[in-house]
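Below, all heavy atoms of this structure are taken into account, side chains as well, without hydrogens, waters or symmetry copies. Predicted, not measured: the structure shown is a model, and the values here were computed from it. Here is the naming used below: chain letters follow the sequence lines, and residue numbers restart at 1 for every chain.
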Number of protein chains: 2
Amino acid sequence: MKKRILIVDDEPDICDILKLNFEMEGYVVQTSEAPIELGDNLPDIILLDVMMSPKSGFEWAKELKASPRTAQIPIIFCTAKSMEDDILQGFALGSDDYVCKPFRIKEVKARVKAVISRSEREINSEKIIKHKGLVLNLESKECWVDGNLVPFTKIEFEMLALLMANPGQVFSREKILQTIWPNYYVTDRTVDVNIARIRKKICSYSECLQSKFGYGYIFRG
Amino acid sequence: MKKRILIVDDEPDICDILKLNFEMEGYVVQTSEAPIELGDNLPDIILLDVMMSPKSGFEWAKELKASPRTAQIPIIFCTAKSMEDDILQGFALGSDDYVCKPFRIKEVKARVKAVISRSEREINSEKIIKHKGLVLNLESKECWVDGNLVPFTKIEFEMLALLMANPGQVFSREKILQTIWPNYYVTDRTVDVNIARIRKKICSYSECLQSKFGYGYIFRG
DNA sequence: GCTGATTGTTACAAAAATGTAACAAAAGAG
DNA sequence: CTCTTTTGTTACATTTTTGTAACAATCAGC
C-alpha cells in the first residue's frame with residue numbers, strides 16, 4: 001500500500017525537490033507551504049520545517065499531538081543545525097525524528113522509511129483494543145462482546161474506541177466532541193445520547209462506561 | 001509447526017535472555033556466539049547482532065544471501081542506534097528488519113513474528129488470492145468463481161484484489177480511490193457502482209463484500 | 001428531606017450513506 | 001469510421017444513522 005507523506009516547508013523549491021524524490025520512491029506526496037487543516041485522509045507521516053511564520057512547525061506539531069485523531073502521525077522535523085539542541089531538549093521524539101538542514105536527500109529518505117516502518121509495527125500491535133470480553137478491532141471497525149459480534153455505528157465505535165484507548169481518563173464532552181466531530185458543531189447532549197446507545201450494546205460492560213458528574217465520561221478497565 | 005529461530009550474539013547474556021523469551025513463546029531456539037555453518041535443518045529466521053568480531057553480522061548476512069540455499073531466510077539485525085543509517089542505506093531490508101540496541105523484548109518478539117508471517121505469506125501466496133471458491137490470479141488477471149472463469153474488467157479486478165488482499169480491513173472510498181486511481185480524480189460514488197458490479201459477478205460470495213456504513217468497504221473471509 | 005444542576009431515556013425528524021438503474025463519455029477492436 | 005466494451009456520472013429510492021427536544025431520573029450539596 002502506498003504511503004502518504006505530507007511535506008510542509010515555506011520554501012517551494014524544497015517542497016518540489018522532496019516531492020519529486022518521494023514520488024519516485026512510490027509515495028503519495030502532498031506539499032504545503034504552511035500548516036494546513038488535515039482532512040479525513042490523514043497522511044502516514046509529516047515532514048515538517050520548524051522555522052516558519054506565522055506559525056512555527058513546533059507549534060503546529062503540538063496541536064497535532066494534542067488531538068487524539070492526529071496524535072499518532074509521526075513527524076520528522078527539518079531544522080537548522082543550530083537548532084538541534086532545541087529539538088533534542090524540547091521534544092520527546094517518541095515516534096518522531098529530525099534532520100538538520102541542509103540535508104542529504106538520502107538521509108531524509110532513510111529516516112522517513114525508518115520512522116514509517118517503526119510506527120507501522122507499533123500500529124499493528126495496537127490495532128485491537130480489549131478489555132476482558134469487550135474487543136474492538138480498529139481495522140475492521142467491529143466490536144465483539146463476549147464472543148458476539150455487535151453492530152456498531154461509526155460514531156458509537158469511534159467514541160468507545162476513544163474512551164477505551166485511554167482507560168481511567170476522564171473525557172469532557174467538549175473533548176469528545178472535538179475528537180469525533182472535528183469539523184462541525186453538535187450539542188454536547190449528543191454525547192450523552194450516544195453514550196447511552198453504546199451502553200445498551202456492550203451489555204454487562206456498560207458499567208465500565210461511567211459518567212463523572214460534572215466532568216464527562218470515563219472508561220474504567 | 002514450531003518455528004526455528006537462530007540467535008547470534010557475542011554476548012552470552014543476551015543470547016540467554018532471548019532464548020528464554022522465545023522458548024516461552026513456543027519457538028525452537030538455537031543460540032551461537034558467532035556465525036556458524038548452517039546444517040541441514042535451516043532456521044526459519046535469524047536474529048543477528050551486527051557488531052561482532054572477527055566477522056561482522058553484515059558480512060555473514062551477505063554470505064547467507066549469496067547462497068540459494070539460505071538466501072530466503074529472513075534476518076533481523078540487532079544494531080546500535082548509531083548504526084541505524086548504515087542498515088537502512090546498505091540493505092534493501094527486503095524481507096528483513098532490524099532492531100536497535102538496547103531493545104525491548106516486546107519489540108523484538110513483535111518484529112520476529114511480523115517478519116516470519118510476512119515471509120510465510122510471500123511463499124504461500126504465489127500471486128494468487130483465494131477465498132474458498134473465489135480465486136484471483138494476479139498474474140493472468142483472471143477471476144474464478146467456483147470453478148468458472150468470470151470476465152472481470154480491469155477496475156473491477158483491481159478493486160476486488162485490493163480488498164481480498166486485506167480481508168477484515170475496512171477501506172474508505174478515499175483510500176480505494178487513491179489506490180486504484182492514483183492520478184486523476186473520480187467521484188467516490190464510482191466506487192459504489194463498481195462494488196455493485198463486482199458483487200453481481202462473484203455471485204454467492206457477494207456477501208463477503210460488505211459495506212461498513214460510514215467507513216467504506218470490507219472483504220470478510 | 002429540598003433544590004438546581006447533571007445525566008439518562010425516548011421518540012422522531014433530519015441528514016447522510018448506500019444500492020441501483022439509466023445514461024454519457026471514453027477507450028479499443030475491427 | 002463503426003460497433004462494442006468499459007468506465008464514470010447522475011438521479012433517485014431506500015436504508016441507516018444521527019442530532020435534538022422533551023421529559024424522567026439521578027446526583028451533590030445543603
Can you say whether a donor on the side chain of A:R197 sits under 3.5 Å from an acceptor on the base of C:dG8, or the other way round? no
[options]: which one has an atom nearest the side-chain heavy atoms of [X]?
X      : options               : value
A:V186 : C:dT20, C:dG8, D:dG19 : D:dG19
B:T153 : D:dT18, D:dT20, D:dT7 : D:dT7
B:T190 : C:dT7, C:dG19, D:dG8  : D:dG8

Measuring from A:K154:NZ to B:F213:CZ, what's the distance to the nearest 0.5 Å? 10.5 Å
Pick one: which of A:L47, A:T31, A:L38, A:I45 meets side chain to side chain contact (heavy atoms under 4.5 Å, CB included) with A:L6?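 Result for side chain to side chain contact (heavy atoms under 4.5 Å, CB included) with A:L6: A:L38.
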Phosphate OP1/OP2 of D:dG19 contacted by A:R189 side-chain N/O (<4.0 Å):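 A:R189 to D:dG19 OP1/OP2: no side-chain N or O under 4.0 Å.
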Under 4.0 Å, heavy atoms only, any strand: does A:F152 hit a base, just the sugar-phosphate, or nothing?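 Result for A:F152 = nothing.
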Pick the nucleotide of DNA chain C nearest each of A:A196 and A:F213; which residue has the one closer to the 5' end?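 Upstream on the strand: A:F213.
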Heavy-atom nearest nucleotide on DNA chain D for B:P151 versus A:I155: which residue maps closer to 5'? B:P151
Need to verify one output field. Residue with the more 5' nearest nucleotide on DNA chain D, A:T187 or B:D188? B:D188
If you take all heavy atoms of B:L138 and B:A161, which pair is closest and at what distance?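 Looking at all heavy atoms of both residues, the shortest contact is CD2-CB, 4.0 Å.
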